[in-house]
Each structure stands twice: as C-alpha cells, then as structure tokens.
Amino acid sequence: MEDSQKPDLMDKIVSLCKRRGFVFQSSEIYGGLRSAYDYGPMGSELKRNLMSEWWRFMVHSREDVVGIDASIIMRPEVWQSSGHLANFSDPLVDCKVCGERFRADKAPRKAEGEDAPITLGDKGRAKAAQEKLTEAGVKLQRDGSTLNGAKAGAAGYVCPNCGSPFLSDERRFNLMFRTSLGPVDPIGDVVDIVRKAMAEGADDKALRARVEGALAASSVYLRPETAQAMFVQFLNVQQSLSLKVPFGIAQMGKSFRNEVTAEHFIFRSCEFEQMECEYFVPPGEGPKYLDYWMNERMKWWKSIGIKVDNLRFRKHDDDELAHYSDGCYDVEYKFPWGWDELEGIASRTDFDLKAHAAGSGKKLTYFDPEAVDPETGKPGRHYVPHVVEPAAGATRGVLAALCDAYDEEPADAEGKGARTVLRLHPRLSPIKVGVLPLVKKDGMPEVARKVVEAFFGAGVNAKYDEQHAIGRRYARHDEVGTPYCLTVDTQTLQDETVTIRYRDDRRQERIKIADAVDTVRKALTETT
RNA sequence: GCGGGAGUAACUCAGUUGGUAGAGUGUCAGCUUCCCAAGCUGAAUGUCGCGGGUUCGAUUCCCGUCUCCCGCUCCA
C-alpha cells in the first residue's frame, strides 16, 4: 500500500478538508484565487491549536524566550539591509523561441559568437520556430527538431530549455509584495514620468529605470519573513526586559512571497504563516546552540503527535548555505509527495544584527558586564550577538498534522465499520469533545446540553450534536479528529453517568458526569 | 512561466455523435432507532468553472480566461 496509494492521499485530504470545513479555496465562488486558501471552522481551530502549542513550548515554557508581534509592513530599508531587496530579485529572462522563462544566473553559459543550436521538442515546433525566426529576419537551417546556425549573443548564456540565444532583456522579478503606504497615488507619478520620458525620446531601459525610481519612493513591502522585526527590535526587547544573552525573541504570523509556483495544496502559497525564533548567543557559540535547538525543535514536532518515522533532519550542503550561515538543518516531513521542509534551523552568525547596524547607523551590541573583554583583558564586554534561528512553517505544520493523522480503517467481515479517522493529537483537535444524546427525546438533549455548558465554562471546546443516528455522529467526529465523545443515554437519567467513547479504538467506558470535564482536561494536558 | 491532464449537485463521478442532465454518498423533514455512516417515507440542490464566438439551439464545437493536479522551473 506504500507508494501506490500515496498520490491520491493528497486528493483525499483536500477533499476531506473541504467537506468537513478545514480548508477552502480563497474566493471560490468567483473562480478561486491562485495559491490562496481560507481556513474554515475546523481548520482555523487546528491552525490556532498548532500555533498555541508552538508558543507554549517556545515562550511560555521557558525563561529565556520572549514574544513579539510586529507589523507586517516595515520600512524599505529593513529589506535593503536584510538583503531581501537584492537577493529576492532574481534576474529573469524570457526565451523568444520557446517561451521559457528562466533565471539568467542559472542558465547555461555560452560565449558571444559560439554556435548555439536550438533544439525543440519535435519537428513541428522546430518548423514553427523556424518560420517565426525567418519572419524576424533570422535564417536558420532545420535538421529534424534542431535549428542550426544561431550564435550566442552578448548576454553570455542561452535558454536552458531549447538553447536559443534569442532572449528578452533581463528583468528583475521581486518575490516581495510591493504596495504603497499613505494616500499617495504612484500611478499619477508614473503617468507624469512616462509622458515626460516619451517627450524626451527615452529608450525602454531608461524609462524603466525612471518608473522604478518613482515607485521606489513610495514603496513598502509586505514582509517575506517574520524574522527581520526581531533583529530590528533587538535592542528594544533586550533593554525593556533587561534580558541577558543567551535569550530569544519569538514571533508567529503571516508572511508573503510572490512565489513563481504554488504547489501541494497549502504547502507553498503566497500568503503563509510562520513561527520563528531568533536566539541570541555569545560569538562562537552558534554551533553549540544549533545542536541544542535541533534537539528541542524535533522534540516539539514529536510532542504534537507527528510520527517519528515521518520526521528527519536534512543538513544543508555547503553550496546551499547562505553566505553568512555556518550551518543549517531542515526538519523534513515525509509528505505524500516525498520528504519536504517543515522548519529550517540555521546558525546565522552575526550577519543580521551587523547588517541592520550598518544600515541604520545604530549600534546593535550587547554589553555583558560579567564577561572579560578579549582585547583589553578588563571585565565587561561589548559584542554583537550571534543568532541561531529555528524558523517553522505553521501552515506546513497544519498540512503535516493532517497527513500524519489521516487514516482509513477497512470494514469488518460483515462489511461494516469502515471509517476515515483523523488521529490528531488531542491538543490539536479542533473539537475536544462531542456531547451526544443517544436519541433526541426523553430529556436526553437537555442533559447533554448541560454537560456541554460545563465544558464551555472550563474553556474546553465542546460540541453538542444530535443530528442523525449515533453511529453517524461518531463517524463525523472521527473525520474531524474529535478525540472523545460523551453519550447521554437512559442510564444517564438514572445514575448521572455517561459513556466516553475514544476516537482511536472506539472503546467505551462509563464515567460520572461530574468527572467528565476533569477526565477530558487531564487527557489534554498529558504530555506524550 | 512552459509542457501534459482536468473542471458537471456539498463530495466522488456518469452522461449528452449539439436539443438546457443523472447515480451513489451526503444534506433536510417525518417515522423508527438504547451505541458505531442501520431502516422506511418524503424533499431540496446544478446558470455542466467563467466570458465570448459559431448555431434556430451550446454543458457538448471554436477562442479566450480562471482554477486545480502532475512534470519542469522556482522556492526563507
């Protein structure tokens, strides 16, 4: 059943998500919006629960990490200093022959004047391309699906798809969402500029540069990661709480990236949710804390019920590492399409704080009165802390939790009892307990409603449910991962007990109504 | 963005060689039912993804567009 079933596992999960109110496509009634998803009643609970678990583990269960919640829009200089404005701008080029769009810096190199044969998928395409080029004044000889006679141009590279040297100019495609802040009208400025430039006969390149300049003046960007705010607010946080290194700043929230491709349902989308922590340590101690956080973070993923066999670390190769990083590991999950990233844990040296210090002209250093200055030998040392960053994807976590919890049980010999069940960790479950009157009469609904009230009062998300036969209600709760169902029956009316039915094995026990809240609450606080 | 596949009821899908659609599941109501999608009776639901074209007539043919899936490309 291993890999042969894997492809439709995603389909089943997507279908369940919609049917049971976990995830809907954004703007669906208008035809849907690419790569944007809405979390429904069950999904929003699940995501919220997952994120609270992260917060509890990272912030509330330790002394040395504090939280912040920064704004999504920040000054453009932040992204200048962080490198996002430069590094997130990939030079993209379109091939005029096959239409391929590719990154100039990753294309096959070819010196100017070198032969550049063009190879299309088949004869027909080659012929069409040949005709198109002839119209454009370029004559090439065709040999099967290959066109010969072209020479590489000044660009220094050719199309990675077909080998053609006929390419558009390089264009920067920024992965950050740009918008403008304030009641300015950048389009008005652009119109003026274009009008003026056209009057002066400026060429495309000059025009582009001018428009770009006009836009840049009023541009702000939606954050492509939550991390930068924690560097920018490093001093405020450290000083306001008198924190001593090592300490961390944690943040959860939305980030935005104009990804070229969205894929695998909610796995990669333009708007996504992150859970990041920047942990500041003395210089030289990055590797040590990298180890430490790898350990901690893996513990956390296991603690929310993700199966050990579906988790692993992947070390980044040297050529994959950012230039400032001296070590990075991904926590990967075995998704239906293969291993993929849930979280990156990186040792980032002092790159970020130094970059913002340089960019802002502010000193972002830490003073440790107890340390000894290595240069003077005197007590007290100023230094720029190094950073270890565990950065997890919350929306990816949700998908991993769903994939991991999804299970189908076959029917028994009599063809009964088949079910789909989400074996979510109870703390992630959207509904903690379903309260069900066995039948809709004899005062059972009234009793059940009282039980629900008790859970409401205790802050446990409970759901009253009387529609349909009892078996169907259990099945429905299995599908959304409700770990416990309490059923009110005739005996309840006599002795104030209910049956508690366990999702995972369908076992039933009788407990007192008076103990119900504590029983469920205890199960929820148990750590695995 | 490129190549391939696909969009029909809430879900899974059938169907119409062009004459405005059907099944199963689910949903709703009633009866029944004391424990795992039971049964009986009845009911609702679709501008056949969206827009345009051809046609007396389009869900069906053509064009455009949006969205999803697979591969490529990209990806803190």
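Naming: A, B, ... by sequence-line order, numbering from 1 per chain. Reckoned from all heavy atoms, side chains included, excluding hydrogens, waters and symmetry mates.
Nucleotides B/rU8 and B/rC68 are separated by 14 Å at their P atoms, to the nearest Å. Here, B/rC13 and B/rG18 have their P atoms 25 Å apart, quoted to the whole Å. Rounded to whole Å, the C1' atom of B/rG26 lies 11 Å from the corresponding atom of B/rA9. Distance noted for atom P between B/rU16 and B/rA21: 14 Å (whole Å). Spacing of C1' atoms, B/rG15 relative to B/rC48, comes out at 11 Å, to the nearest Å. Nucleotides B/rG46 and B/rU41 are separated by 25 Å at their C1' atoms, to the nearest Å. If you take atom C1' in B/rU12 and the same atom in B/rG51, they sit 28 Å apart, rounded to whole Å. Nucleotides B/rU65 and B/rA6 are separated by 16 Å at their C1' atoms, to the nearest Å.
In the set B/rU33, B/rC35, B/rU67, B/rU33 carries the atom at the smallest distance from any side-chain atom of A/Val439. Looking at the side chain of A/Lys18, the nearest of the listed nucleotides B/rU67, B/rC35, B/rA10 is B/rA10. Here the nucleotide nearest the side chain of A/Ser15, chosen from B/rC11, B/rC70, B/rC35, is B/rC11. Checking B/rA10, B/rC35, B/rC68 against every side-chain atom of A/Tyr37, the shortest atom distance belongs to B/rC68. Nearest to the side chain of A/Arg19, among B/rC11, B/rC36, B/rA38, sits B/rC11. Of the listed nucleotides (B/rC35, B/rA38, B/rC68), B/rC35 has the atom at the smallest distance from the side chain of A/Asp489.
Computed from coordinates, the A/His477 NE2 to B/rC35 C1' distance equals 14 Å when rounded to whole Å. Straight-line distance from the CG atom of A/Leu9 to the C1' atom of B/rC69: 14 Å, rounded to whole Å. At whole-Å resolution of the value, CG in A/Leu16 and C1' in B/rU12 are 14 Å apart. Rounding to whole angstrom units, CZ of residue A/Arg473 and C1' of B/rA37 are separated by 12 Å. Rounded to whole angstrom, the span from the CZ atom of A/Phe335 across to the P atom of B/rC70 amounts to 13 Å. One interatomic measurement links the two molecules: CG of A/Asn258 to P of B/rG1, which rounds to 12 Å at whole-angstrom precision. One interatomic measurement links the two molecules: CZ of A/Arg507 to C1' of B/rC35, which rounds to 16 Å at whole-angstrom precision. Across the protein-nucleic acid pair, A/Trp337 atom CH2 and B/rC70 atom P stand 9 Å apart, rounded to whole Å.
A/Ala418 comes within 4.0 angstrom of a nucleotide base, judged by non-hydrogen atoms across all strands. Within the 4.0 angstrom heavy-atom criterion, base atoms lie near A/Phe272. When heavy atoms are screened at a 4.0 angstrom cut-off, A/Glu479 is found touching base atoms of the nucleic acid. Across all strands, A/Glu341 comes closer than 4.0 Å to base atoms (heavy-atom distances). At a threshold of 4.0 angstrom between heavy atoms, the contacts of A/Ser255 with the nucleic acid are absent.
For the pair A/Arg503 and A/Asp478, the salt-bridge criterion is not met [side-chain N within less than 4.0 Å of a carboxylate O]. A salt bridge between A/Asp407 and A/Arg419 is absent, with no side-chain N of the basic residue lying under 4.0 Å from a carboxylate O of the acidic one.
Residues A/Phe22 and A/Tyr39 keep their aromatic ring centres 6.0 Å or farther apart. Between A/Phe234 and A/Phe280, the distance separating the two ring centers is shorter than 6.0 angstrom. Ring pair A/Phe272/A/Phe256: centre-to-centre distance not below 6.0 Å.
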Restricting both atoms to N or O, compile the protein contacts to nucleotides 25-32 of chain B shorter than 3.5 Å, with distance only.
residue : atom : partner  : partner atom : Å
B/rU27  : OP1  : A/His468 : NE2          : 3.2
B/rU27  : OP1  : A/Arg476 : NH1          : 3.2
B/rU27  : OP2  : A/His468 : NE2          : 3.4
B/rU27  : OP2  : A/Arg472 : NH1          : 2.5
B/rC28  : OP1  : A/Gln467 : NE2          : 2.4
B/rC28  : OP2  : A/His468 : NE2          : 2.5

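Of the N and O atoms on the side chains of A/Glu389 and A/Trp293, not one donor lies less than 3.5 Å from an acceptor on the other residue. Side-chain contact annotation: A/Arg348 with A/Ser325, donor-acceptor N/O pair under 3.5 Å absent. Counting only N and O atoms by type, the side chains of A/Thr487 and A/Asp489 include no donor and acceptor under 3.5 Å apart.
Residue A/Gln508 places none of its side-chain N or O atoms closer than 4.0 Å to OP1 or OP2 of B/rC36. Neither OP1 nor OP2 of B/rC68 sits under 4.0 Å from any side-chain N or O of A/His264.
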Which nucleotides of RNA chain B pair, in dot-bracket form (Watson-Crick or G-U under 3.5 Å, | meaning another strand): (((((((..((((.....[..)))).(((((.......))))).....(((((..]....))))))))))))....
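Contact check for A/Tyr333 versus A/Trp339: no side-chain heavy atoms found under the 4.5 Å cut-off.
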A/Phe335/A/Phe267 under ring-ring contact (aromatic ring centres under 6.0 Å, His included): CA gap, chis, key distance, verdict: CA-CA 10 Å; A/Phe335 285 100; A/Phe267 182 81; 5.2 Å; yes
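Mapping A/Ala469 and A/Glu28 onto RNA chain B via the closest heavy atom, the residue that lands nearer the 5' end is A/Glu28. Nearest-nucleotide assignment on RNA chain B puts the 5′-proximal partner with A/Val14, out of A/Arg396 and A/Val14.
A 6.0 Å sphere centred on CZ of A/Arg19 holds more than 12 heavy atoms belonging to other residues, nucleotides or ligands.
Figure legend: cation-pi geometry between A/Arg501 and A/Tyr474, with NZ or CZ positioned under 6.0 Å from the six-membered ring centre and within 45° of its axis.
Taking 3.5 Å as the limit, the base of B/rC35 and the side chain of A/Arg501 contain no donor-acceptor pair of atoms between them.
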